[in-house]
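Residue numbers begin at 1 in each chain, while the letters A, B, ... track the order of the sequences. It should be emphasised that the depicted structure is a prediction, and the values quoted were computed from it without experimental measurement.
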There are 2 protein chains.
Amino acid sequence: MPDKEVDRSLSQTVKAQLALRDLILNGELSPGDRISELPMVDRLGVSRTPVRMALVRLEEEGLLEAIPSGGFTVKSFTERDIFDAIEIRGTLEGLAARLAAERGASGSDLVSIRDCLAEMDTVVEQQLAGGNCFPAYVELNARFHEMLVDLAQSPSLVRQLERAVTLPFASSSAFVMVQAELPEARIVLTVGQDHHRCVVDAIEAREGARAEAIMREHARLASRNLRFALRNQETFDLIPGAALLRRRGRT
Amino acid sequence: MPDKEVDRSLSQTVKAQLALRDLILNGELSPGDRISELPMVDRLGVSRTPVRMALVRLEEEGLLEAIPSGGFTVKSFTERDIFDAIEIRGTLEGLAARLAAERGASGSDLVSIRDCLAEMDTVVEQQLAGGNCFPAYVELNARFHEMLVDLAQSPSLVRQLERAVTLPFASSSAFVMVQAELPEARIVLTVGQDHHRCVVDAIEAREGARAEAIMREHARLASRNLRFALRNQETFDLIPGAALLRRRGRT
DNA sequence: TGTTTTCAGGTTGTATACAGGCTGAATACG
DNA sequence: CGTATTCAGCCTGTATACAACCTGAAAACA
């Protein structure tokens, strides 16, 4: 836990939102729990207004569920919810790649993303040689996916994808940490990086259908990681937001 | 305008949200306009708190844009934004159709959607015979699309699609009214209804790829309507939220 | 004993007061 | 005359008071 002392320059609302999200993701608030405003006022050290705002935002984010009669509860997720979220991300990233190919990406954008690709190559190489470069890889991976979406030059799509990725386990780097423990880690890493390269090639060659198919399949690497992660407890706990997951058949 | 007097049973927040949305969609607030809370308090007859809440909600909805230093402005949209929004909807509905096919829809669900299909057949027939059944068609069309998405049995996808459709011109029935003026109206209506039937057939036959392709192409009917609507002023004004559209090259 | 009613506690929705920050215009200065 | 500075007005973010509502439990009644 890096930041127990929250920066005071942040607005109270943002402070509350971050703190509340942590509380949920760390499992200090369990799925189904009703969240009342007043207790949170004490717990977060801000007044009701920012707490209220944070609750609304987190509901939009998908972590909370509104109760018809007022108030919120912590949402719970099934294994299938995660699979679906990953599939949705893959589908939208596929659309982004296709649009990028069809509309044509500018030369400078392609150079930028190829630079990113090269950096990732280095990191992947070091990782395969036995180092532990996952933090660096996660960051580069996030940057790559962001740049890719931008290639589509579609604000609507960026917006939609932002939402698709808010759930912690839906993001492109959610399962990279799990991957470290995976027996087939080398394969997934190598194949994933090849996807990255191929999709850029496809976009440059204006091969829309191919670019789309690659990104869809690319997202399914995350599904594979997920399936593995669910198999034993240690890897299960590596899943971001694992506390929100209910395994087959509970309330 | 059916409801100039807003139901007093609604909460102030909802009241404010509806009124504010109308104000924006009707063009009484122009794109780029900054929306201050106090003037809205006078204009909507509710206090700052509900106004504030409505603003946050409308930002999430995509009608407003947050100013970094605080406050909101009315968003503006380009022709391409709409095309992209339609493409996104088509892509997600395609995913829904594919999942429905792959996962298998229950017999009773298929019966229900076929009932809806049959009702639409009747309406389409009457329409082609010279009647004006568009309101009925719009409602049935909305119901069909809703049922289709439900067939995928994916809460995540339902959620994502709900968001994709919040923009008024992205919804499946946004351009049906324009269609009435379209020279090729008969064709679009006939083909659209055929899409509806074919996608259900595909789902029942577990033909995922076909179901997906059909829904993608189905959404492109809306793009066709849009392209036509943009050509002259009368049809342009039929576009929901037309006031938010900026034609090529303005601030 | 089972059902209905009543009531108290807590919770949310709404209104409003207050403080800090931003904006834009007028003014002073180079 | 152009640029930097100051200041007033407004606006948002936050805190808090108040009221309506819902919930759950105890009590009264059939």
Side-chain angles (χ1 to χ4, degrees), chain A residues 3 5-24 28-75 251, chain B residues 3 5-24 28-75 251:
Chain A
D3 50 8
E5 164 182 321
V6 269
D7 190 344
R8 102 176 57 186
S9 74
L10 263 42
S11 80
Q12 300 294 82
T13 298
V14 174
K15 203 192 293 182
Q17 193 175 346
L18 293 176
L20 206 40
R21 180 162 36 204
D22 274 4
L23 247 44
I24 296 170
E28 301 188 44
L29 296 167
S30 301
D33 281 1
R34 177 166 189 166
I35 300 188
S36 296
E37 294 173 10
L38 268 70
M40 285 305 145
V41 167
D42 297 338
R43 207 156 168 185
L44 305 180
V46 299
S47 88
R48 271 190 66 202
T49 309
V51 168
R52 195 165 180 55
M53 218 52 131
L55 288 172
V56 170
R57 292 248 152 87
L58 289 174
E59 187 220 348
E60 270 303 326
E61 219 169 274
L63 256 41
L64 298 180
E65 196 162 13
I67 302 174
S69 63
F72 301 92
T73 62
V74 179
K75 227 174 179 176
T251 310
Chain B
D3 50 8
E5 164 182 323
V6 268
D7 191 343
R8 101 179 56 188
S9 73
L10 263 42
S11 79
Q12 301 295 80
T13 298
V14 174
K15 202 192 293 182
Q17 191 175 347
L18 293 176
L20 204 40
R21 179 161 38 202
D22 274 4
L23 247 43
I24 296 171
E28 300 186 44
L29 297 167
S30 301
D33 281 0
R34 178 167 188 166
I35 300 188
S36 296
E37 294 173 10
L38 269 69
M40 285 303 146
V41 167
D42 297 337
R43 207 155 165 184
L44 306 180
V46 298
S47 88
R48 271 189 66 204
T49 309
V51 167
R52 196 165 180 56
M53 217 51 131
L55 289 172
V56 171
R57 291 248 151 86
L58 290 173
E59 187 220 347
E60 269 304 325
E61 217 168 278
L63 256 41
L64 298 179
E65 197 162 12
I67 303 173
S69 63
F72 300 91
T73 61
V74 179
K75 226 174 181 177
T251 310

ask   = Taking side chain as C-beta onward, heavy atoms only, is A:Leu29 less than 4.5 Å from A:Met40?
value = yes
*Just call it for A:Ile35: base, sugar-phosphate, or nothing, with non-hydrogen atoms closer than 4.0 Å on any strand.*
sugar-phosphate
Separation of D:dC10 atom P from B:Glu37 atom CD, nearest Å, is 16 Å
Does B:Thr49 reach the side chain of A:Thr49, with side-chain heavy atoms less than 4.5 Å apart? no
Rounded to whole Å, CZ of A:Arg48 lies from P of C:dC18 at a distance of 20 Å
### Task
Using a cut-off of strictly less than 4.0 Å, decide whether B:Thr49 has a side-chain nitrogen or oxygen near OP1 or OP2 of C:dT14.
no
Rounded to whole Å, CG of B:Asp42 lies from C1' of D:dC10 at a distance of 14 Å
Rounded to whole Å, the CD-P distance (A:Gln12 to C:dA19) equals 16 Å
A:Leu38 CG to D:dC22 C1', in whole Å, measures 16 Å
Here the distance between atom C1' of C:dT14 and atom CG of B:Leu55, to the nearest Å, is 16 Å
Taken to the nearest whole Å, CG/A:Leu44 to C1'/D:dA15 is 15 Å
Closest to the side chain of B:Ser69, out of C:dT11, D:dT14, C:dC22, is C:dC22
Separation of D:dT12 atom P from B:Arg52 atom CZ, nearest Å, is 8 Å
Backbone N or O of A:Val14 within a donor-acceptor pair of the A:Ser11 side chain at under 3.5 Å? yes
When rounded to the nearest 0.5 Å, the distance separating CD of B:Glu28 from CG of B:Leu20 is 11.0 Å
Check your understanding: Would you say C:dT14 has OP1 or OP2 under 4.0 Å from some side-chain N or O of B:Thr13?
Key -> yes
